Structure formats: C-alpha cells, structure tokens
Amino acid sequence: MTIDLWSGNRTTSRQTYERDVLFAILTATREEFGIWKIVETTKDYTEIEESNIFDEFKHDLTVTVAGNVKFENREKIVIHKPIMKGLLGFRVLIINEEDQTTFSEASNARNLKNLRHGIPLTWADAELFRSNGFSVVEEGDFDGLFDDLKSRKFDYTAFGANEVNDVFQERAAKTSGLKIEDNIIIYYPFPLLFYINPNNKLLAERVKRGLEIISENGTLNLIFEKHYSEILSSINFTSRVVFELENPKLPTELKDFKSDLLPLYNGH
C-alpha cells in the first residue's frame, strides 16, 4: 500500500508530529492491512489548491483542523478522533517587545479584542476570531507576517503552543524587536483530524483502527510527550492566563470537545 500524504502549509514541527502519528498507525495495523510506503508532499498550496487535494491532486490523506472551511463542500472521509490533544488551539502570542506591558495588563478577552490580531489570508482561524468579536487583520502571507507586525499593521499574531517556538526561531527572530509574549494563552477547541480521500475507504478504515489501537495502548501519548513536553515547559505553558473562546465551526461529532490539557490550569 502506497500512501500519498499531503503535509504542506504547516510548520516543520507539525509535519514531523503528524508523520510520526501516521507511522505509528500504520505500524499498529500492519498485521491486519499489510506493509506500506509513505510518499509525502510538503508543497504549500493556495486556498483553492488545498481544497482540491483529493480530487485534483489525488493525495490520499492529510491532517487538518476539524471543520476546516476549505473542505466544507468537498467530498472526504473524516476520522473524528483528535490526534494532538487539541494543543493547536492553545494560542501563544508573538508581539513587539515594547508592548509586553500592554499584554501583561490585559485581564480578560475583552482587552485583547481592542487589539488587532494579524492572520495571513486563507488561515482557518481568522473567521473563528472574528466570530468571537476580535479585531482581525487578515492579509498577506506567512512570509510577510512578521515584517507587518513590526510595522504595526496589527498588534500581535498567534500560533499553537506546539509550534510557536519553531515559528519564532525560524521566522519571527529574523525581524528585530519581536518576542513571544509572556503571560497569555488564548484557548479554543481546535482539534486536528485525519481527512482522507473519499475514494480510499480502505485507508480510512485502517487509520481509524490504528488510531484506536495507539490511543488505547499509550503510543499516541508517548508520541505527544516526545514532541511537546520540553516545548510546553519552555514557554511556561501551565502558568499562563487562559482566555477561552468558542469555535462555531466544530462538527457535530466534536461539539463537546475540550482539550484534556485544560485541567492543567488552576481554575479549570
């Protein structure tokens, strides 16, 4: 079985994690479904191209957020079992260094709503923030994001706690005067799921079964700890103030989803 994985439009750290989870799934199901080979495409696609990854580009599967609007009107098979404990929904801010006091004094989400959140065009969370009453500046692309922050087209940008260090080191640090904000996490339910080509029902069955196995035997937890325990410690994950938002795009199957990382915080 050759499996064509599309993993573009995301950070290297996410690509590595998702690949490790898929490898574990395939390993756990080898006896039942046979040997495999993964062919990975990391090319970044435009919004329209991404929505066509199955019918035009013939990829077999990808990982994306639950309820991703790019796939709303596309045929797909969705495995409604989160693979990263909802960590992508814990958003850590990147700001201008001189603005730290402003963010330290933000005592609730209302304070943040008065500040402008910069999000590149086509990213899935722009509409989510707007629906929660945030001021969103949605323009440009990932490459120009931090120059725009430095020039104050907006006041902050935000990334999943799983990837904010990598984003900062690989991209933001090239623009002087920026920093990872010290105190805040914005949380909303934002689980990552496998989306599978609708013509590959056997693969969907295999991924679903493999996820059940590695969840039950602890392998998925071990992969998570391997990738993220040090990262979360380095950003003082559990000592931050958490502002919770709603996610109106969650599918019915996950309408009650909340990350099991939330109980790590006092008051939850």
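Please read all numbers here as calculations on a predicted model, not as lab measurements. Along the sequence shown, residues carry numbers from 1.
- For Lys179, the NZ atom counts as densely surrounded, since its 6.0 Å shell holds more than 12 non-hydrogen atoms of other residues, nucleotides or ligands.
- For Thr41 (side chain) and Lys43 (main-chain N/O), no donor-acceptor pair under 3.5 Å exists by modelled atom type.
- Remark: of the listed residues Glu244, Arg91, Glu246, Arg91 is the sole one forming a side chain to side chain donor-acceptor pair (under 3.5 Å) with Tyr188.
- Side chain of Ser259 to main chain of Lys85: a donor-acceptor pair is present (N/O by atom type, distance under 3.5 Å, no hydrogens or angles).
- Remark: the backbone N or O of Arg240 is not paired with any side-chain donor or acceptor of Asn183 at under 3.5 angstrom.
- Remark: the backbone N or O of Tyr195 is not paired with any side-chain donor or acceptor of Thr62 at under 3.5 angstrom.
- Between the Asp148 side chain and the Phe154 main chain, no donor and acceptor come within less than 3.5 Å of each other.
- Phe129 has its ring centre less than 6.0 Å from the ring centre of His117.
- Arg14 places a side-chain heavy atom less than 4.5 Å from the side chain of Leu88.
- Between Tyr156 and Phe103, some side-chain heavy-atom pair lies under the 4.5 Å cut-off.
- Counting only N and O atoms by type, the side chains of Ser107 and Asn111 include a donor and acceptor under 3.5 Å apart.
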- prompt: salt bridge (Lys or Arg N to Asp or Glu O under 4.0 Å) between Arg171 and Asp143: does it pass, once the steps are laid out?
  reply: CA-CA 8 Å; Arg171 293 175 180 261; Asp143 290 332; 2.8 Å; yes

- request: Decide yes or no on side chain to side chain contact (heavy atoms under 4.5 Å, CB included) for Thr102 and Asp155, but give the supporting numbers first.
  value: CA-CA 10 Å; Thr102 299; Asp155 300 298; over 6 Å; no

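- A salt bridge is defined here as a Lys NZ or Arg NE, NH1 or NH2 lying under 4.0 Å from an Asp or Glu carboxylate O, and Arg209 with Glu212 meets this definition.
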Atom pairs and distances, side-chain donor-acceptor, residues 226-233, under 3.5 Å, sequence neighbours left out:
residue: Lys226; atom: NZ; partner: Asp20; partner atom: OD2; Å: 3.4
residue: His227; atom: NE2; partner: Asp20; partner atom: OD2; Å: 2.7
residue: Ser229; atom: OG; partner: Glu225; partner atom: O; Å: 2.8

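- Under a 4.0 Å N-O distance rule, the pair Glu56/Arg74 does not qualify as a salt bridge.
- For the atom pair CG of Asp125 and CD of Glu138, the computed distance is 9.0 Å after rounding to the nearest 0.5 Å.
- Transitive grouping of hydrophobic side chains (ILVMFWY, heavy atoms separated by less than 4.5 Å) brings Met1 and Phe23 into a common cluster.
- Across all non-hydrogen atoms, the minimal contact from Ile83 to Leu220 is O-CD1, 3.7 Å.
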Sequence neighbours excluded and cut-off under 3.5 Å, please list the side-chain donor-acceptor pairs for residues 159-168, or say none.
residue: Glu163; atom: OE1; partner: Thr11; partner atom: OG1; Å: 2.9
residue: Asn165; atom: ND2; partner: Ser234; partner atom: OG; Å: 2.8
residue: Asp166; atom: OD2; partner: Ser13; partner atom: OG; Å: 3.4

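- Taking 4.5 Å as the limit, some side-chain heavy atom of Ile214 sits within range of a side-chain heavy atom of Val21.
- Residues Glu50 and Asn68 meet the side-chain proximity criterion, which asks for heavy atoms closer than 4.5 Å.
- Phe194 is listed as a side-chain neighbour of Leu211, based on a closest heavy-atom distance under 4.5 Å.
- Transitive grouping of hydrophobic side chains (ILVMFWY, heavy atoms separated by less than 4.5 Å) keeps Leu250 and Val65 in distinct clusters.
- In this structure, Lys249 and Val69 approach most closely via the heavy-atom pair CE-CG1, 3.6 Å.
- A side-chain donor from one of Thr29 and Arg206 sits under 3.5 Å from a side-chain acceptor of the other.
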task: Take Glu205 and Lys208 through the test salt bridge (Lys or Arg N to Asp or Glu O under 4.0 Å) and record every step on the way to the result.
output: CA-CA 5 Å; Glu205 181 183 343; Lys208 183 178 180 181; over 6 Å; no

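- In this pair, Phe146 and Phe142 present their aromatic rings tilted. The plane angle is within the 30 to 60° band.
- With hydrogens and angles ignored, the 3.5 Å screen pairs no side-chain donor or acceptor of Tyr45 with any backbone N or O of Asn52.
- Aromatic ring centroids of Phe54 and Trp6 lie 6.0 Å or more apart.
- Asp4 and Lys58 are not joined by a salt bridge, as no carboxylate oxygen comes within less than 4.0 angstrom of a charged side-chain nitrogen.
- Nearest heavy-atom pair, Ile223 versus Ala24, reported as atom, atom and distance to 0.1 Å: CD1-CB, 3.7 Å.
- Defined by atom type and a distance below 3.5 Å, a donor-acceptor pair is missing between the side-chain atoms of Asn132 and Lys113.
- Just one residue in the list Leu254, Ile79, Thr64 forms a side-chain contact (heavy atoms from CB on, under 4.5 Å) with Leu193, and that residue is Leu254.
- Below 30°, between 30° and 60°, or above 60°: for Phe90 and Tyr187 the angle between ring planes is between 30° and 60°, a tilted geometry.
- Residues Glu47 and Lys70 meet the side-chain proximity criterion, which asks for heavy atoms closer than 4.5 Å.
- Classification of Glu18 and Arg10 as a salt-bridged pair holds, one side-chain N sitting under 4.0 Å from a carboxylate O.
- With contacts defined as side-chain heavy-atom distances shorter than 4.5 Å, the pair Ile185/Val241 does not qualify.
- When hydrophobic clusters are built by joining Ile, Leu, Val, Met, Phe, Trp and Tyr residues whose side-chain heavy atoms come closer than 4.5 Å, directly or via intermediates, Leu264 is grouped together with Leu262.
- Nearest heavy atom pair, residue Leu202 against residue Phe33, reads CD1-CE2, 3.7 Å.
- Formation of a donor-acceptor pair under 3.5 Å by the Lys150 side chain with backbone atoms of Leu178 is not found in this model.
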query: Do Phe134 and Leu115 pass the side chain to side chain contact (heavy atoms under 4.5 Å, CB included) test, and can you show the C-alpha distance, the side-chain angles, and the key distance before you say yes or no?
result: CA-CA 8 Å; Phe134 279 69; Leu115 301 169; over 6 Å; no

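- For the salt bridge (Lys or Arg N to Asp or Glu O under 4.0 Å) condition, the pairs that include at least one residue of residues 30-42, sequence neighbours left out, are Arg19-Glu40.
- Nearest heavy-atom pair across Ile119 and Ala126 is CD1-CA, 3.6 Å.
- A donor-acceptor pair under 3.5 Å is absent between the side-chain atoms of Thr157 and the main chain of Ile94, judged by distance alone.
- The CG atom of Asn197 lies 5.0 Å from the CG atom of Asn199; values are rounded to the nearest 0.5 Å.
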task: Given side chain to side chain contact (heavy atoms under 4.5 Å, CB included), test Gln100 with Asp182 step by step and report yes or no.
output: CA-CA 8 Å; Gln100 180 60 62; Asp182 293 333; 3.4 Å; yes

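- No donor-acceptor pair under 3.5 Å is formed between the side chain of Glu181 and the backbone N or O of Ile95.
- Taking the side chain as every heavy atom from C-beta outward, Ile184 and Leu112 approach each other to under 4.5 Å.
- Between Glu98 and Arg152 there is a salt bridge, since at least one side-chain N of the basic residue sits less than 4.0 Å from a carboxylate O of the acidic one.
- Side chain of Asp141 to backbone of Gly144: a donor-acceptor contact under 3.5 angstrom is found.
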